[in-house]
Student: 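Quick one: the structure is below, questions incoming.
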Amino acid sequence: MDSKVRVRFAPSPTGGLHIGGVRTVLFNYLFAKHHGGEFILRIEDTDQSRFVAGAEQYILDTLNWCGMVPDESPVHHGAYGPYRQSERKHLYKQYADQLIEQGHAYYAFDTAADLEAKRNQIPNFQYSRAHRMEMKNSITLSENEVSDLLKSNTPYVIRIKMPEQENLTFHDLIRGEVSFDTSTVDDKVLLKADGMPTYHLAVVVDDHLMKITHAFRGEEWLPSAPVHILLWKYLFGLDKMPKWAHLPLILKPEGHGKLSKRDGERLGFPVFAMDWMDPNTKEQTIGFKERGFLPEALINLLALLGWNDGTDKEIFSIEELISQFSLERVHKGGAKFDYEKAKWFNQEWIKKTDDATLATLVKPFFDDAQIEVHEPSYLVKVIGLVKDRCHLLTDFITQSSFFFQAPSQIDTAALLPKWDDKKQAFFTALILEYQTMLSKGEAITQASELELHFKNLAATHEIKPGDLMLPLRVMLVGGKFGPGVFDIIQSIELEDAQKRIDHSLKLLSNK
RNA sequence: GGAGCGUUCGACUAAGGGUUAGGUCACCUCCCUUUCACGGAGGUAAUACGGGUUCGAAUCCCGUACGCUCUACCA
């Protein structure tokens with residue numbers, strides 16, 4: 001490697017960060033760290049009309065949560081700032097002017113209405129070689145007319161003048177040789193009437209100024225790559241241009257097309273990394289974080305959507321990803337998002353995470369659900385008991401709330417068909433024995449002893465223990481789920497168990 | 001319409017001239033579990049289509065179909 005690898009993620013702060021964006025960050029980050037390079041966050045806020053307050057902070061928060069902290073950014077500083085394009089506005093015009101002087105760009109004075117009319121008049125109108133001579137610009141106007149317009153402060157944009165029939169070929173790190181005929185690309189606007197650059201100019205100028213060595217972005221940018229290649233050629237030289245890689249898209253689970261926020265709402269899964277509330281519409285969008293995903297799982301599943309290490313290995317830590325990642329193994333085709341598989345990744349990461357760490361992560365969800373945890377070590381113990389049956393951190397609530405409070409609903413309907421006086425008598429005797437033990441201070445505290453005691457009593461009553469296990473479970477947890485019943489009694493302790501059985505007995509005898 | 005890119009089980013993918021086309025998720029069966037899971041053992045299921053090249057093609061070439069992206073003073 002001749003120079004230090006420098007990559008950038010360059011989002012516009014227009015809303016929540018879509019997992020497609022997170023994966024673009026991830027591939028940038030993995031590549032940079034794999035090569036011992038730097039990862040830069042640059043905010044592309046050149047469109048004031050689309051600016052959304054809080055979106056930049058949200059992006060930073062997301063990167064932070066994911067553990068992909070930029071080396072340089074608007075808040076991490078660095079030698080190549082500022083890192084917001086709006087603060088770099090003054091830098092761009094000179095390059096646009098340079099292009100005009102070189103004859104590679106021109107002024108265009110057409111109004112929005114002019115363009116609108118032209119588009120209505122000509123199907124598939126393109127501001128390009130075919131039609132630029134019919135428009136109001138510095139190619140069709142005389143020098144005097146142009147300077148008069150400029151002097152009178154007539155609004156204008158600067159457009160690139162796409163060359164005629166030039167074959168442009170560049171090497172994409174993922175796709176190999178990609179070529180375009182320049183005459184099929186229109187004369188893109190480079191500098192807008194408000195003096196701000198468009199993406200096309202800004203990305204080239206900033207990548208150059210920030211010494212970016214590798215530029216990765218979504219596949220949707222491929223068709224405008226020729227514009228950027230040309231700009232590099234005119235402004236800084238092709239030998240200075242970063243290596244490009246256009247990443248495959250993340251697609252809808254069913255049907256086709258790019259995954260969108262709407263798909264998540266429609267199909268019931270998150271698309272944004274974290275919760276996002278649009279400050280203008282007040283619309284809330286759920287995130288992977290709040291849905292109960294571990295950042296390690298999100299990273300893992302995103303990495304495997306379009307990349308693999310060539311083996312059957314699927315569970316990777318970020319460190320493993322950094323050491324194994326290579327662009328050569330990134331796919332060309334898009335990948336459909338599958339929420340079931342996403343949950344499987346999370347489950348695997350829950351199993352990998354130790355109980356104490358899980359406890360601190362689960363605690364906020366318990367707080368939200370208003371489940372009081374008096375003893376942190378008790379939560380850790382409970383987590384150990386139920387973690388195998390949780391796909392999401394939120395599952396811990398349904399899987400373990402009964403360890404902290406009596407169930408609010410008892411599924412008596414599941415018991416009633418097989419309920420009889422013998423069982424009623426057995427459970428009545430059981431709570432009586434529990435009460436006796438408690439009053440004597442001889443309460444059993446081992447799950448195995450509880451089981452033995454239970455079975456002995458069943459034998460006395462001449463009932464198969466198997467016929468009693470399900471009723472006992474439902475009485476304790478409210479339904480047909482949860483870990484071993486005697487582990488539960490052991491955890492909630494005899495007094496509480498006795499109360500729950502008593503309560504259920506009353507419900508059953510009232511039916 | 002134009003341009004570019006893509007296409008292996010339902011989904012994510014492995015195999016890059018020679019494999020009974022492998023793995024994972026999902027689904028189904030069985031075992032374990034006196035619940036639900038976890039775990040274990042099996043099963044269903046794919047090279048878009050048509051031509052070449054070759055002893056041999058998922059793999060190389062050509063064509064077709066289909067899909068996607070872009071085609072804004074948005075990124």
Side-chain angles (χ1 to χ4, degrees), chain A residues 10-14 44-47 49-50 85 108 110-112 115-116 119 123-128 155-159 172 174-175 178-181 183-186 188-200 202-203 217-226 246 248-249 251-258 301 304-315 329 331-345 347-348 351 386-391 395 398-399 414 455 464-474 476-477 479-485:
Chain A
S12 334
T14 53
E44 307 226 342
D45 56 349
T46 55
D47 184 3
S49 66
R50 295 216 309 163
Q85 287 182 333
D110 317 275
T111 64
L115 291 168
E116 176 68 21
R119 288 193 181 104
N124 305 317
F125 170 80
Q126 288 229 108
Y127 205 121
S128 64
Y156 68 86
V157 300
I158 294 177
R159 286 180 182 270
D172 184 286
I174 293 173
R175 281 145 222 285
V178 180
S179 57
F180 294 86
D181 181 341
S183 56
T184 62
V185 184
D186 61 336
K188 295 286 183 206
V189 170
L190 302 177
L191 201 73
K192 301 187 252 187
D194 64 2
M196 279 286 194
T198 59
Y199 171 82
H200 306 294
V203 72
R217 72 220 310 191
E219 188 189 345
E220 68 267 30
W221 289 106
L222 205 43
S224 52
H246 289 87
L249 267 14
L251 275 16
K252 300 176 192 294
E254 27 90 297
H256 301 280
K258 263 202 292 191
L301 77 92
L304 271 282
L305 224 42
W307 174 88
N308 68 80
D309 75 344
T311 73
D312 290 340
K313 186 175 166 70
E314 291 196 280
I315 302 300
R329 293 204 64 90
H331 281 213
K332 296 182 176 77
K336 290 179 188 166
F337 178 72
D338 180 359
Y339 190 51
E340 292 306 318
K341 183 100 189 216
K343 284 193 289 191
W344 175 79
F345 274 108
Q347 182 182 29
E348 292 299 311
K351 283 194 277 188
V386 303
K387 70 192 286 191
D388 278 350
R389 57 204 80 206
C390 295
H391 286 78
D395 290 341
T398 47
Q399 288 296 335
K455 286 183 173 170
K464 281 183 290 184
D467 294 338
L468 297 165
M469 297 293 275
L470 190 66
L472 177 60
R473 165 176 301 284
V474 172
L476 295 171
V477 315
K480 294 188 272 187
F481 61 94
V485 273

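In what follows, every chain begins at residue 1, and chains take the letters A, B, ... in the order their sequences are listed. These figures come from a predicted structure and were not determined experimentally.
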Student: Does A:Thr46 put a side-chain nitrogen or oxygen below 4.0 Å from OP1 or OP2 of B:rA75?
Tutor: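 Result: yes.
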Student: Using the test ring pair (Phe, Tyr, Trp, His ring centres under 6.0 Å), find all partners of A:Tyr127 that sit at least two apart in sequence or belong to another chain.
Tutor: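 For A:Tyr127, no residue satisfies ring pair (Phe, Tyr, Trp, His ring centres under 6.0 Å) once neighbours in sequence are set aside.
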Student: Please determine if a side-chain N or O atom of A:Lys192 lies less than 4.0 Å away from the OP1 or OP2 oxygen of B:rA75.
Tutor: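 Checking A:Lys192 against B:rA75: at least one side-chain N or O falls below 4.0 Å of OP1 or OP2.
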Student: Would you say A:Arg217 reaches B:rC70's phosphate, i.e. side-chain N/O to OP1/OP2 under 4.0 Å?
Tutor: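 No.
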Student: Look at the side chain of A:Lys341 against the base of B:rU24 and say whether a donor-acceptor pair falls under 3.5 Å; ignore hydrogens and angles.
Tutor: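 Such a pair exists between side chain and base.
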Student: With sequence neighbours left out, write down each residue that passes side-chain hydrogen bond (donor to acceptor under 3.5 Å, both in side chains) with A:Thr398, or none if nothing qualifies.
Tutor: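 Per chain and number, A:Thr398 pairs via side-chain hydrogen bond (donor to acceptor under 3.5 Å, both in side chains) with no residue.
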Student: Round to the nearest Å and state the distance from A:Leu115 atom CG to B:rU71 atom P.
Tutor: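 Taking atom P of B:rU71 as the reference, CG of A:Leu115 is at 15 Å.
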Student: For B:rA14, does OP1 or OP2 lie under 4.0 Å from any side-chain N or O of A:Asn308?
Tutor: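 Affirmative; the distance criterion is met.
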Student: Between B:rU13, B:rC25, B:rG22, which one does the side chain of A:Asp312 approach most closely?
Tutor: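 Nucleotide nearest to A:Asp312's side chain: B:rG22.
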Student: For B:rC30, give its Watson-Crick or G-U wobble partner with both distances under 3.5 Å, or none.
Tutor: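 When the pairing criteria are applied, B:rG40 turns out to be the nucleotide that pairs with B:rC30.
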Student: With rounding to the closest Å, how many angstrom separate the C1' atoms on B:rA65 and B:rC49?
Tutor: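 To the nearest whole Å, 7 Å.
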Student: Using a cut-off of under 3.5 Å, enumerate the N/O to N/O pairs linking the protein to nucleotides 65-69 of chain B.
Tutor:
| unit_1 | atom_1 | unit_2 | atom_2 | d |
| --- | --- | --- | --- | --- |
| B:rG67 | O2' | A:His256 | ND1 | 3.4 |
| B:rU69 | OP1 | A:Lys258 | N | 3.3 |
| B:rU69 | O2' | A:Glu220 | O | 3.4 |

Student: Expressed as a whole number of Å, how far does the C1' atom of B:rA15 sit from that of B:rC9?
Tutor: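 Pairwise C1' distance, B:rA15 against B:rC9, rounds to 15 Å.
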Student: Please enumerate all residues that pass side-chain hydrogen bond (donor to acceptor under 3.5 Å, both in side chains) together with A:Glu314, with sequence neighbours excluded.
Tutor: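 Result, side-chain hydrogen bond (donor to acceptor under 3.5 Å, both in side chains) vs A:Glu314: A:Lys341.
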Student: Which letter, B, S or -, goes with each nucleotide of nucleotides 36-42 of chain B from 5' to 3', with contact meaning a protein heavy atom under 4.0 Å?
Tutor: BBSS---
Student: What pairs of nitrogen or oxygen atoms, one from the protein and one from nucleotides 32-34 of chain B, lie under 3.5 Å apart?
Tutor:
| unit_1 | atom_1 | unit_2 | atom_2 | d |
| --- | --- | --- | --- | --- |
| B:rU34 | N3 | A:Gly466 | N | 3.1 |
| B:rU34 | O4 | A:Gly466 | N | 3.1 |

Student: Go through B:rG6, B:rG1, B:rC73 for me and flag the one nearest to the A:Asn124 side chain.
Tutor: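 Closest nucleotide among those given: B:rG1.
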Student: Any side-chain heavy atom of A:Gln347 within less than 4.5 Å of one from A:Asp395?
Tutor: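 A:Gln347 vs A:Asp395: side chains apart.
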